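The next block holds one structure in the form of structure tokens; read it before the comments.
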Amino acid sequence: ASTGVIVANSDFKITGEPKLYQDRKTDSGTSIQRAFCGSCGSPIYTASPTMPGVQIFKLGLFDQIPKPSMELYCRERPSWDKAIPDTIQFE
């Protein structure tokens with residue numbers, strides 16, 4: 001599982017040089033870019049050509065986490081993991 005926040009390219013600045021990886025083994029078949037810290041290897045963001053102008057940042061990077069507005073891959077949710085109230089659910 002992964003929790004992320006969608007951020008416009010104009011709303012963030014990355015310092016340092018992240019390591020980039022092209023992930024071609026995606027459910028959609030669309031290659032996506034994944035960025036990792038060049039020092040420690042922690043995941044930073046995912047970029048998809050299907051979502052131009054934004055990056056999906058990993059929420060583990062932040063001290064404060066916003067309330068989720070949607071959930072993806074809900075059909076694969078484990079039975080012990082419940083839906084988040086008041087979010088849009090996508091199978």
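The first residue of the sequence shown is numbered 1, and numbering continues consecutively from there. All values reported here derive from a predicted model rather than from experimental measurement.
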Rounded distance (nearest 0.5 Å) linking atom OH of Y45 with atom CD1 of I6
15.0 Å
Of the non-hydrogen atoms in L61 and P43, which two are nearest, and what is the gap between them?
CD2-O, 3.9 Å
Specify the closest pair of heavy atoms between V54 and A8, including all atoms of both residues, with the distance to one decimal.
CG1-CA, 4.0 Å
Which atom pair, heavy atoms only, marks the closest approach of I44 to P18?
CD1-CB, 3.9 Å
For E91, look at atom CD and say whether over 12 heavy atoms of other residues, nucleotides or ligands are found less than 6.0 Å away.
no
Strictly by side-chain hydrogen bond (donor to acceptor under 3.5 Å, both in side chains), give each pair with a member in residues 3-19 just once, sequence neighbours left out.
N9-Q55
Heavy atoms from other residues, nucleotides or ligands near NZ of K25 exceed 12 (cutoff 6.0 Å):
no
Taking atom CZ of R34 and atom CD1 of I56, what is their separation to the nearest 0.5 Å?
9.0 Å
Return the OG1 to CZ distance between T30 and R24, rounded to the nearest 0.5 Å.
12.5 Å
Supply the atom-to-atom distance R77 CZ to L72 CG, rounded to the nearest 0.5 angstrom.
10.5 Å
Between CE of M70 and CD of Q89, what distance do you get to the nearest 0.5 Å?
11.0 Å
What is the minimum heavy-atom distance between K67 and P85, and which atoms define it?
NZ-O, 3.5 Å
For A35 and L20, which heavy atoms make the closest approach, and how far apart are they?
CB-CD2, 3.7 Å
Assign the ring pair F57 / F12 to parallel, tilted or perpendicular, where the plane angle (0 to 90°) is split at 30° and 60°.
perpendicular
Considering non-hydrogen atoms only, spot the tightest contact between P66 and L59 and give its length.
CD-CD2, 4.1 Å
